[in-house]
There are 2 protein chains.
Amino acid sequence: MPTKAHHPLVEDFLARLEEKDYRHTGTREEVARAVAQQGSHFTAEALCEALPRVGRATVYRNVKLLVEMGFLCRVLMEDGELHYQVSHKGHHHHLICTYCGQSQDLLNCDFQGLLKEKASTQGFEVEGHTVELYGRCRTCASEATAS
Amino acid sequence: MPTKAHHPLVEDFLARLEEKDYRHTGTREEVARAVAQQGSHFTAEALCEALPRVGRATVYRNVKLLVEMGFLCRVLMEDGELHYQVSHKGHHHHLICTYCGQSQDLLNCDFQGLLKEKASTQGFEVEGHTVELYGRCRTCASEATAS
DNA sequence: ATGAATGCAAATTATTTGCACATCA
DNA sequence: TGATGTGCAAATAATTTGCATTCAT
C-alpha cells in the first residue's frame, strides 16, 4: 500500500502509471522517490545504491519506464558514461560543468527553428535533436578567477 | 613494413603517429584503412568484423587513439548505441537519418556563438558542445512523399 | 636491445533476461 | 484469482586489462 507522494515527480509518475494501466506498486514509488532525491544527474548504478532493497533489474526496468514516459532523459557525459536526469518537459538542453560535475538546464533556448532551417538546406528534415554543452558553471568559473 | 597510404585519413593518421612518437605499425595502418572504408558511421564491433586478423583489444585501443587524435568522433544513436564516425575537423554536427541510418554532417552551421551567449545569461561558460540531429534525409523524405 | 604494440583469454562493467515467487487490481 | 511486477542469479554485450610474445626503432 503506497504512501502519499509529497513530491511532484513522484505524484506525476504514479498518476501516469494509472493512466497507462501500469500498476502502482510500492517499489515503483520508492524508485521514483530515489530519483527525485538524486542530484542533477546520476547513473543507474547510483540509484541501485540508493535502493539496496530493490533488485538491480527492477531499478533498470523502472528507469526505462521513466524514460519512456518522459520523466527522465538520458545524458551522455563527455567521457561516454550514461547518466539520467529529471526531464524538464519541453525543449531544453544540458549545461554540464566539467569541473564540479553539476548539470543545469539551459532555459529559454529554442534551437529547433534554426536547426530545421539549416538542415533543410541539405534536404534533411529534422524530427528531433539533442544538445549537450560542456564547460564551467558560475560557481566554478568564479572560483577559477578568484585563485 | 607499412604500405603506401592512398587515403588522406590513413596518411594523416600515420603522419600524426610519428609526430607524437607513437609507432607506425602495420596493424595501425590496417585499422585506419578499415575506418576509412566504413560507411558514414559504424560501431567498434563492425571494425572488428572488418579486421578478423586483428584482436578486439587492439581495435579498441586504436579507436581510442583515433578519437584522442581527433580523427574519429563518438556519435550517440537515439537508442543509446555508440557509433564512431570520421571527424571532419572544425565545428560540425551530425544529421542522422532514423529511416535509412545514414549520417551526414551539417555544414556551415556555427552555433558556438549563440550557445555561449545563451548560456552566459546563466553564468555558464561553454567550452564544448555536442549536437545530434535525428530525422530523415533527402532520399528517405522523398520516398515517403512518393508513396 | 629494449620498450611499445599486439593477441588472446580472462576480468570488468553495464544491462538484460528467465523464472519462481510476491503483489496489486 | 490472475496477470503484472519483483528479486535473484545467470546470460549478454561492450569494453578493458594482464601478460607473454612480437615488432619497430
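As the structure is a prediction and not an experimental result, all values here were calculated from the model.
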TODO: Take atom NZ of B:Lys64 and atom P of D:dT17, then tell me their distance rounded to the nearest Å.
DONE: 6 Å

Open item on the list: Just N and O in the side chain of A:Thr25: are any of them under 4.0 Å from OP1 or OP2 of D:dT4?
Closed with: no

Task: Any A:Arg28 side-chain N or O less than 4.0 Å from OP1/OP2 of D:dG5 - done: yes

Task: Between D:dA3 (C1') and A:Lys20 (NZ): distance, integer Å - done: 20 Å

Open item on the list: With a 4.0 Å limit, can you tell me whether B:Asn62 has a side-chain N or O closer than that to the phosphate oxygens OP1/OP2 of C:dA5?
Closed with: no

TODO: Rounded off to whole Å, could you give me the CG-to-C1' distance for the B:Leu17 and D:dC23 pair?
DONE: 15 Å

Task: A:Thr58 side chain, from C-beta outward: closest of C:dT15, C:dG7, D:dG7 - done: D:dG7

TODO: With DNA chain D as reference, determine whether B:Arg23 or B:Glu81 sits nearer its 5' end, using the nearest nucleotide of each.
DONE: B:Glu81

Open item on the list: Whether A:Glu68 and A:Lys64 form a salt bridge (side-chain N of Lys/Arg under 4.0 Å from carboxylate O of Asp/Glu) is what I want to check.
Closed with: no

- [ ] Would you name the heavy atoms of A:Cys48 and A:Tyr60 that are closest together and state the gap between them?
- [x] SG-CE1, 4.5 Å

- [ ] Whole angstrom is fine here: how far is it from CZ in B:Arg74 over to C1' in D:dT15?
- [x] 11 Å

TODO: To the nearest Å, give me how far apart CZ (A:Arg56) and P (D:dC8) are.
DONE: 12 Å

TODO: Round to a whole Å and report the spacing from CD of B:Glu18 to P of D:dT25.
DONE: 8 Å

Open item on the list: I'd like to know if A:Arg53 reaches the base of D:dG7 with its side chain, counting only an N/O donor and acceptor under 3.5 Å.
Closed with: no

Open item on the list: To check you understand the geometry: which heavy-atom pair defines the closest contact between B:Phe124 and A:Gln104, and what is its length?
Closed with: CD1-NE2, 3.6 Å

Task: Rounded distance (Å) that lies between atom P of D:dA13 and atom CG of A:Leu82 - done: 19 Å

- [ ] Kindly say if A:Tyr60 contacts the phosphate of C:dT15, meaning a side-chain N or O under 4.0 Å from OP1 or OP2.
- [x] yes

- [ ] Kindly point out which of D:dG5, D:dT17, D:dC23 is positioned nearest to the side chain of B:Ala57?
- [x] D:dT17

- [ ] List the atom of A:Arg28, the atom of A:Phe13, and the distance in Å for their closest heavy-atom pair.
- [x] O-CE2, 3.8 Å

Task: Spacing between B:Glu49 atom CD and D:dT15 atom P, to the nearest angstrom - done: 13 Å

Open item on the list: Of the listed nucleotides (C:dA25, D:dT15, C:dT6), which one gets closest to any side-chain atom of A:His24?
Closed with: C:dA25

- [ ] Please determine if a side-chain N or O atom of A:Arg61 lies less than 4.0 Å away from the OP1 or OP2 oxygen of D:dT6.
- [x] no

Task: Earlier contact from the 5' end, DNA chain C, for B:Gly55 and A:Tyr22 - done: B:Gly55

Task: Distance-minimising heavy-atom pair for A:Glu29 and A:Leu14 - done: OE1-CD1, 3.7 Å

Open item on the list: Closest approach to the side chain of A:Val54, judged atom by atom: which nucleotide of C:dT16, C:dT6, D:dG7 is it?
Closed with: D:dG7

